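Here is the naming used below: chain letters follow the sequence lines, and residue numbers restart at 1 for every chain. Remember, predicted model here, so these are calculated numbers, not experimental data.
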Number of protein chains: 2
Amino acid sequence: MDEYINIFKALSDATRLKIVWLLTNIDEKICVSEIVEVLDEYQYNVSRHLKILKKAKLVEEIKEGKWVFYYLTPINSEFRQLIQETIKTIPESQMNKEIHKCKILLAERPK
Amino acid sequence: MDEYINIFKALSDATRLKIVWLLTNIDEKICVSEIVEVLDEYQYNVSRHLKILKKAKLVEEIKEGKWVFYYLTPINSEFRQLIQETIKTIPESQMNKEIHKCKILLAERPK
DNA sequence: TCAACATATGCGTTTTTGCGCATATGAAAA
DNA sequence: TTTTCATATGCGCAAAAACGCATATGTTGA
């Protein structure tokens, strides 16, 4: 039961829900400083929220040089699958500012 | 956004998740004292948790004499629909004790 | 090797949440 | 109309969560 509760708990904070929403909708890895910019939140808070999402097994990380990129943990259960579908139903209109900033950021990424 | 967060928050407590799980799986109205017995939790806590579920619009109540029966709020959004499907994926094995007690209780109900 | 950058974390404080106890409210039964 | 039963809630406390600040860690580039 704790496993399910941890997931709901992880999603019951605005910053964390926004992070998961972004990851769900952009379908890209994204690094901490990008999240900081998109969500306009302190770096130390973003790091801490990511740690909570990681503990709930919603995200994983991969280090690339100075950066740490986060992405959605590959789906591994029906529960998790439905959690993702649930999040997909949250409309963009709830995230106008953030999605706009995010698109600009991703476009500016050097290849 | 708050609306979504309130729902996730409502589900991120063991007692409340169990209540919603029961309501989802038995497909019946159930009154406070029945929940108290099934979950083996204090009456005042059950009442309080129900209040939180009500605030999140996951449940509604109907008064019948001395009793107050609670039931799932009829589905009114895609988000809510998927929340319910998500909860359905939580297996009975997580709720052995409770579902057993509940079945006995429902069977003993006077018609 | 040292400065600059990206990320994580320890510590103390504030806010939120959950709980126990007592009691209030409201309906039904005696 | 008084008692009993079912439910709700006010209050105080304890535990948990979130935050701000400072700083640690780790990597890259000068």
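- Whole-Å rounding puts the B:I19 CD1 to C:dG18 P distance at 12 Å.
- Residues A:K54 and A:E60 are not paired through a salt bridge, judged by the lack of any N-O separation under 4.0 Å between the basic side chain and the carboxylate.
- Among the atoms of the strands shown, only primed sugar atoms or phosphate atoms (P, OP1, OP2) are found under 4.0 Å from some heavy atom of B:Y70.
- In terms of position on DNA chain D, the residue among B:W67 and A:K66 whose nearest nucleotide sits closer to the 5' end is B:W67.
- Atoms CD and CD1, on B:E85 and B:I75 in that order, are 7.5 Å from each other to the nearest 0.5 Å.
- Contacts between residues 24-54 of chain A and DNA chain C, counted as heavy-atom distances below 4.0 Å, involve A:C31, A:V32, A:S33, A:Q43, A:Y44, A:S47, A:R48, A:K51.
- Across all strands, B:K63 comes closer than 4.0 Å to no nucleic acid atom at all (heavy-atom distances).
- A side-chain donor-acceptor contact under 3.5 Å links B:S47 and B:Q43.
- Atom CD1 in A:I62 sits about 19 Å away from atom P in C:dA6, given to the nearest Å.
- Across the protein-nucleic acid pair, B:E64 atom CD and C:dA28 atom P stand 11 Å apart, rounded to whole Å.
- The nearest whole Å value for the distance from the CD1 atom in A:I5 to the P atom in C:dG18 is 11 Å.
- Applying the side-chain contact (heavy atoms from CB on, under 4.5 Å) criterion to B:K57, with sequence neighbours excluded, gives no partner residue.
- Note on B:K9: a side-chain N or O is less than 4.0 Å away from OP1 or OP2 of C:dT17.
- Heavy-atom contacts from other residues, nucleotides or ligands closer than 6.0 Å to CD of A:Q94 number more than 12.
- Here D:dA8 presents its C1' atom at 10 Å from CD of B:E61, a figure rounded to the nearest Å.
- Counting non-hydrogen atoms of neighbouring residues, nucleotides and ligands closer than 6.0 angstrom, the CD atom of A:E78 reaches no more than 12 such neighbours.
- Taking atom CG on A:D2 and atom C1' on D:dA16, their separation rounds to 15 Å, with Å as the unit.
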